[in-house]
Amino acid sequence: KGKNVIFVAGLGDIGLDTSKELLTRELKNLVILDVRENTEGLCALKEICPETKVTFIKYDVTVPLDESKKVLKKIFDKLKTVDILINGAGILDDHKIEATIAVNYTGLVNTTTAIMEFWDKRCGGPGGIICNIGSVTGFNAIYQVPVYSGSKAAVVNFTSSLAKLAGITGVTAYSVNPGITRTTLVQKFNSWLDVEPDVAELLLEHPTQSTKECAENFVKAIEKN
């Protein structure tokens, strides 16, 4: 309640339901950075808690680090303080090797690095909280999509390192790692070198959760820090 939150990819499948769940907690500001422009979703968010200011900024996580810094500077200039950064951008398509690494890992690292300029206590910053959306594949790979699984393993290790640096930077970090969630990502996707053309169908034979169920537990994790 009363917190300022930046949510990267807060209009996606899991992102939109998580944004809705966050807004039931009466945030002060929710700033959504997303490459997609979901006008209908944004309008729905603004109706949940009229007291919360919901702002959308178009943002591609694959931009260079300097561009990420410029976007964050505009946000900090306006809000003065930001309490939580949620990094949620992700794609699942092992045909798109460079894009998978750029969106799932490099973009997350760059956005995180950019915000440290404003949070790092060594620079006089107040500290902050980073929540990175990973995946269970970061611990147990879906071997037919090794590029995706590898990118999520990188997120887990990067986040674990950030967490251990909290005493130096003042920035707390943790990852939330959903299991198989029924999103557009998992309906149909390409395996690496087409080693398993039916990987999406095989994956959905396992227990799954809805995006709403994922969102509810996601926000519980944030509340428990």
Side-chain angles (χ1 to χ4, degrees), residues 3-12 14-16 18-19 22 27-38 42 53-91 96 98-135 138 150-177 218 221-222 225:
K3 295 286 193 290
N4 291 335
V5 177
I6 296 175
F7 194 163
V8 180
L11 293 176
I14 291 174
L16 184 58
T18 304
S19 292
L22 282 167
L27 305 179
K28 184 177 182 181
N29 282 280
L30 176 61
V31 181
I32 296 174
L33 306 182
D34 208 315
V35 73
R36 72 177 78 188
E37 297 185 51
N38 183 348
L42 203 59
K53 173 75 172 172
V54 179
T55 307
F56 169 77
I57 299 173
K58 190 163 186 178
Y59 178 64
D60 182 345
V61 295
T62 66
V63 297
L65 175 59
D66 285 346
E67 291 301 313
S68 295
K69 287 181 178 179
K70 288 177 185 176
V71 171
L72 287 169
K73 186 177 187 308
K74 288 179 182 177
I75 296 170
F76 275 84
D77 284 348
K78 186 174 182 180
L79 302 184
K80 307 307 178 190
T81 61
V82 173
D83 301 288
I84 302 170
L85 167 66
I86 303 171
N87 283 310
I91 62 171
K96 298 177 181 177
E98 292 85 357
T100 296
I101 296 167
V103 173
N104 294 2
Y105 184 57
T106 309
L108 178 146
V109 172
N110 280 350
T111 308
T112 299
T113 303
I115 206 168
M116 295 301 288
E117 187 174 304
F118 306 93
W119 273 354
D120 194 329
K121 70 178 185 181
R122 294 172 300 168
C123 305
I129 297 168
I130 293 173
C131 177
N132 291 329
I133 303 182
S135 164
S151 71
K152 291 300 184 178
V155 169
V156 169
N157 279 281
F158 177 70
T159 310
S160 297
S161 299
L162 291 178
K164 291 173 184 174
L165 292 170
I168 296 171
T169 64
V171 176
T172 302
Y174 50 85
S175 59
V176 172
N177 298 281
F218 193 156
I222 293 172
N225 201 31

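In this text, all values refer to a predicted model and were calculated from it rather than measured experimentally. Numbers here are sequence positions counted from 1.
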Using atom types as modelled and distance alone, determine if a side-chain donor or acceptor of Ser19 lies under 3.5 Å from a backbone N or O of Gly10. yes

Between Gly134 and Val155 the two heavy atoms that sit nearest each other are CA-CG1, 4.2 Å

The reported gap from CG in Leu65 to OG1 in Thr106 (rounded to nearest 0.5 angstrom) is 11.5 Å

What's the separation between atom CD1 in Ile101 and atom CD1 in Ile91, rounded to the nearest 0.5 Å? 10.0 Å

Any Ile129 side-chain heavy atom under 4.5 Å of Tyr174 side chain: yes

Does any N or O in the side chain of Asp83 come within less than 3.5 Å of the main-chain N or O of Asn4, such that one atom is a donor and the other an acceptor? yes

List the atom pairs, with distances to 0.1 Å, where a side-chain N or O of residues 110-118 and a protein N or O form a donor-acceptor pair under 3.5 Å, not counting sequence neighbours.
from, atom 1, to, atom 2, distance (Å)
Thr111, OG1, Tyr59, OH, 2.8
Thr111, OG1, Gly107, O, 2.9
Thr112, OG1, Asn87, ND2, 3.1
Thr112, OG1, Leu108, O, 2.8
Thr113, OG1, Val109, O, 2.7

Residue set satisfying salt bridge (charged side-chain N to carboxylate O under 4.0 Å, His left out) with Lys53, at least two apart, ordered chain then number -> none

Check for a donor-acceptor pair, side chain of Asn132 on one end and backbone N or O of Val156 on the other, with a separation under 3.5 Å. no

Calculate, to the nearest 0.5 Å, the distance between atoms CG and CZ belonging to Leu16 and Arg36 respectively. 9.0 Å

For Lys152 versus Ser135, what's the shortest heavy-atom pair and its separation? CG-CB, 3.7 Å

What is the minimum heavy-atom distance between Val176 and Cys131, and which atoms define it? CG2-SG, 3.7 Å

Does a side-chain heavy-atom distance below 4.5 Å link Leu72 with Val82? no

Just checking Lys69: does its NZ atom have more than 12 heavy atoms from other residues, nucleotides or ligands closer to it than 6.0 angstrom? yes

First locate atom CG of Leu79, then atom OG1 of Thr55, and finally report the distance between them rounded to the nearest 0.5 Å. 7.0 Å

Hey, mind stepping through Asp120 and Val171 against side chain to side chain contact (heavy atoms under 4.5 Å, CB included) and telling me if it holds? CA-CA 7 Å; Asp120 194 329; Val171 176; 5.7 Å; no

What salt bridge (charged side-chain N to carboxylate O under 4.0 Å, His left out) pairs are there with at least one residue in residues 100-116, not counting sequence neighbours? none

When rounded to the nearest 0.5 angstrom, what distance separates CZ in Phe7 from OG1 in Thr18? 4.5 Å

Step by step, work out the side chain to side chain contact (heavy atoms under 4.5 Å, CB included) result for Thr169 and Trp119. CA-CA 8 Å; Thr169 64; Trp119 273 354; over 6 Å; no

Holding to salt bridge (charged side-chain N to carboxylate O under 4.0 Å, His left out), I want the full list of residues that pass it with Lys73, two or more places apart in sequence or in another chain. Asp77

Which atom of Ala173 lies closest to which atom of Ala163, heavy atoms considered: O-CB, 3.4 Å

Is any side-chain heavy atom of Phe218 closer than 4.5 Å to a side-chain heavy atom of Ile133? yes

Which atom of Thr159 lies closest to which atom of Ser175, heavy atoms considered: CG2-N, 3.6 Å

So, taking the atom named CG in Leu85 and the one named CD1 in Ile75, what distance separates them when rounded to the nearest 0.5 Å? 9.0 Å

Under the rule for salt bridge (charged side-chain N to carboxylate O under 4.0 Å, His left out), what residues qualify as partners of Glu37, not counting sequence neighbours? Lys58

Restricting to salt bridge (charged side-chain N to carboxylate O under 4.0 Å, His left out), what partner residues turn up for Lys70, sequence neighbours left out? Glu67

